[in-house]
Each structure stands twice: as structure tokens, then as C-alpha cells.
Amino acid sequence: MAKIENEIEYDAICQRIEEFLPMTDDDTPLTDPKLIELRILSELVIEYEEEHCPMRAKISCRTIKSIP
């Protein structure tokens, strides 16, 4: 599987995920292309965050960066 290589890719993928969220819900069929892409991108983000943000709290890197 592909891997997020840097923060620029991470940010772009997070933005894409944000675009898909309003287009999917619990009633979206598992075979829907948007849901499939959302799942794949989410898995990439989780893997990146586990490697680059080893905190066990359920906070994304993006949230941490926004804290002053």
C-alpha cells in the first residue's frame, strides 16, 4: 500500500478526507467509490499519525499544531 511521505502529502490527504465526509454517512453502501476512497485515505492518515505522532491520545497531528 502507498504511504504518506511528508507533511504536505498529509495535509492534502486530510483536506480530501474533509471533502468526502459530508458526502458519506452510515447509510452509504460499502461499495460506494467515495466511501472506499475515504476508508483508504483514512487508513493512510492513521498510519502516518501513528508513526509521526506517537502520542496515544486520540488527537490528530493537525489538532496538536493548532494549539498555541
Side-chain angles (χ1 to χ4, degrees):
M1 182 181 242
K3 184 175 180 177
I4 298 175
E5 297 294 330
N6 55 53
E7 195 169 327
I8 293 170
E9 291 179 1
Y10 171 81
D11 288 340
I13 291 172
C14 286
Q15 182 176 5
R16 186 73 173 150
I17 289 171
E18 292 293 329
E19 292 170 8
F20 278 126
L21 288 175
M23 295 186 253
T24 59
D25 60 25
D26 290 341
D27 296 323
T28 304
L30 296 176
T31 56
D32 184 283
K34 291 179 192 91
L35 186 60
I36 293 169
E37 186 171 348
L38 178 60
R39 181 183 51 79
I40 292 169
L41 294 176
S42 297
E43 289 172 4
L44 289 171
V45 166
I46 289 167
E47 182 180 316
Y48 180 87
E49 289 178 346
E50 285 176 351
E51 182 178 336
H52 293 90
C53 303
M55 294 172 44
R56 296 290 175 201
K58 294 184 178 181
I59 301 174
S60 72
C61 290
R62 174 163 277 163
T63 303
I64 294 168
K65 290 180 202 171
S66 68
I67 298 172

Does the pair Glu19/Arg16 count as a salt bridge with the N-to-O cut at 4.0 Å? yes
Heavy atoms only: give me the nearest Asn6-Ile8 pair and the separation to one decimal. OD1-N, 3.1 Å
Rounded to the nearest 0.5 Å, how far does CG of Asp32 lie from CG of Asp27? 12.0 Å
For Ser42, what residues pass the side-chain contact (heavy atoms from CB on, under 4.5 Å) criterion, not counting sequence neighbours? Ile17, Leu38
Pair Tyr48-Glu7, side chain to side chain contact (heavy atoms under 4.5 Å, CB included): steps then yes or no: CA-CA 9 Å; Tyr48 180 87; Glu7 195 169 327; 4.1 Å; yes
Is there a path of hydrophobic side-chain contacts, each under 4.5 Å between heavy atoms, that joins Ile40 and Leu30? yes
Starting from Leu44, can I reach Leu21 by hopping between I/L/V/M/F/W/Y residues whose side chains sit under 4.5 Å apart? yes
Flag, side chain of Gln15 to backbone of Asp11, donor-acceptor distance under 3.5 Å: no
Evaluate side chain to side chain contact (heavy atoms under 4.5 Å, CB included) for Phe20 paired with Leu41, printing each intermediate quantity in order. CA-CA 10 Å; Phe20 278 126; Leu41 294 176; 4.2 Å; yes
Which heavy atom of Thr24 sits nearest a heavy atom of Lys34, and at what distance? CG2-CB, 4.2 Å
Across all chains, not counting sequence neighbours, the salt bridge (Lys or Arg N to Asp or Glu O under 4.0 Å) partners of Glu47 are none
Given side chains that start at C-beta, do those of Glu49 and Val45 come closer than 4.5 Å, heavy atoms only? yes
